[in-house]
Amino acid sequence: MIKRLTSDFYNQSALILAPKVLGKLLCRDIDGKIDKYRITETEAYYGEEDTACHASKGKTQRTKILYQKGGLAYVYLCYGIHSLLNVVTGKQDHPECVLIRGAGNFNGPGKLTKALQIDRAFNYENLIMSKKLWLEDDGFSYEYQTTPRVGIDYATEEYKNIHWRFQLK
DNA sequence: AAAGTGATCATG
DNA sequence: ATGATCACTTTG
C-alpha cells in the first residue's frame, strides 16, 4: 500500500518526523519521468533554541519559511555550490525542519539535489500538493541509528552533542 | 589537507 | 556598499 504523505504527517514535530521520514520514498517527476528514492539519512533542526538551526538567530528573509506550518520544501544554497533539501515541519510560528541528507544511492545532500535536479526554484514547493516533488509511504519497515549532527561547529556544545541525525541501519 | 563558490546577514 | 560566514564536494 503506497500512499502520499499529507499535512497530518508534516504537522508533527521535527524530532518525531526525522526518524519517520527515514525509509519513505522521495519522489521526483522530471518531464513526466518519475523517480523514487528511499530516504536513508535525515537530521532534525528544531526551534530558535537549537543553535544549529538556521532560525536560531530569529526570523529573516531566508528563515521565515521555517515558521510556516509543515509540508513545504526549504531549499537553500550552501557553500556557494550545493542546494540542500529540507522539509519544513510542525506548527505555524514554530521554526523547525528536517534536512534530507541522503536517499537512494546518493550520500551527501549536495549530490542528492544535483541528481534530482532540485535547486532554489523548489524553495516553497508544497510537498502535499506538488506534481514535481513529494514523499510517499510504502509501508517499508526498518531499523535506524542516531548520531550527532555534522557540519555544525558553530553550534553550542549542548546542541553539537545531541543525537538528531538519523540513518537507516 | 585544502580550496572553490556564492547567497545570506551584519556591519558601515 | 563590503566582508565574514557556511548544514559540502572534489582534488591531490
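Just so we're on the same page: letters track the sequence lines, and every chain starts at 1. All figures in this text were calculated on a predicted structure; none of them were measured in a lab.
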Under a 4.0 Å heavy-atom criterion, the protein footprint on nucleotides 7-12 of chain B, written with B, S and -, is SSS---
Output one line per pair: protein atom, nucleotide atom from nucleotides 1-5 of chain C, and distance, for all N/O pairs under 3.5 Å.
none

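- Checked by atom type and distance alone, the side chain of A:Thr51 pairs as donor or acceptor with a backbone atom of A:Thr156 at under 3.5 Å.
- For the ring-ring contact (aromatic ring centres under 6.0 Å, His included) test, no residue two or more places apart in sequence or in another chain qualifies with A:His82.
- Residue pairs meeting the side chain to side chain donor-acceptor pair (under 3.5 Å) criterion with at least one member in residues 10-29 of chain A, sequence neighbours excluded: A:Gln12-A:Lys20.
- Note on residues 134-145 of chain A: pairs passing side chain to side chain donor-acceptor pair (under 3.5 Å), not counting sequence neighbours, are A:Lys36-A:Glu136, A:Arg38-A:Asp138, A:Trp134-A:Glu136.
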Pairs under 3.5 Å (N/O, protein and nucleotides 9-12 of chain C):
{"unit_1": "C:dT9", "atom_1": "OP1", "unit_2": "A:Gly108", "atom_2": "O", "d": "3.3"}
{"unit_1": "C:dT9", "atom_1": "OP1", "unit_2": "A:Pro109", "atom_2": "N", "d": "3.2"}
{"unit_1": "C:dT9", "atom_1": "OP1", "unit_2": "A:Gly110", "atom_2": "N", "d": "2.8"}
{"unit_1": "C:dT9", "atom_1": "OP1", "unit_2": "A:Lys111", "atom_2": "N", "d": "3.2"}
{"unit_1": "C:dT9", "atom_1": "O4'", "unit_2": "A:His82", "atom_2": "NE2", "d": "3.3"}
{"unit_1": "C:dT10", "atom_1": "OP2", "unit_2": "A:Lys111", "atom_2": "NZ", "d": "3.3"}

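- Atom OH in A:Tyr79 sits roughly 13 Å away from atom C1' in B:dA2 (whole-Å rounding).
- With rounding to the nearest 0.5 angstrom, the CG atom of A:Leu17 is 11.0 Å from the SG atom of A:Cys97.
- Note on ring orientation: taking the six-membered ring where Trp is involved, the planes of A:Tyr46 and A:His94 are tilted (angle from 30° to 60°).
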Under the rule of Watson-Crick or G-U wobble with both distances under 3.5 Å, where | means paired to another strand and [ ] a crossing pair, DNA chain B maps to ||||.||||||.
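- Sorted by first and then second residue, the pairs that involve residues 151-165 of chain A and meet salt bridge (Lys or Arg N to Asp or Glu O under 4.0 Å), not counting sequence neighbours, are A:Glu41-A:Arg165, A:Glu43-A:Arg165, A:Glu157-A:Lys160.
- Relative to the six-membered ring of A:Tyr45, A:Arg149 meets both conditions, a distance below 6.0 Å and an angle of at most 45° to the axis.
- Considering only heavy atoms from C-beta on, A:Leu133 comes within 4.5 Å of A:Ile118 through its side chain.
- A:Ile16 forms part of no hydrophobic cluster, judged by ILVMFWY side-chain heavy-atom separations under 4.5 Å.
- Residues A:Trp164 and A:Asp50 are in side-chain contact: their nearest non-hydrogen atoms beyond the backbone lie under 4.5 Å apart.
- Pairs engaging residues 51-65 of chain A under the salt bridge (Lys or Arg N to Asp or Glu O under 4.0 Å) rule: none recorded [sequence neighbours left out].
- Taking a 4.0 Å limit (strictly below) on heavy-atom distances, residues 159-169 of chain A does not reach DNA chain C anywhere.
- For the pair A:Leu85 CG and C:dC8 P, the interatomic distance rounds to 14 Å; values are reported in whole Å.
- Residue pairs meeting the side chain to side chain donor-acceptor pair (under 3.5 Å) criterion with at least one member in residues 107-126 of chain A, sequence neighbours excluded: A:Glu125-A:Ser130.
- The side-chain heavy atoms of A:Ile39 and A:Ile100, taken from C-beta on, include a pair separated by under 4.5 Å.
- In this structure, OG1 in A:Thr42 is found 11.5 Å from CG in A:Leu85, a value given to the nearest 0.5 Å.
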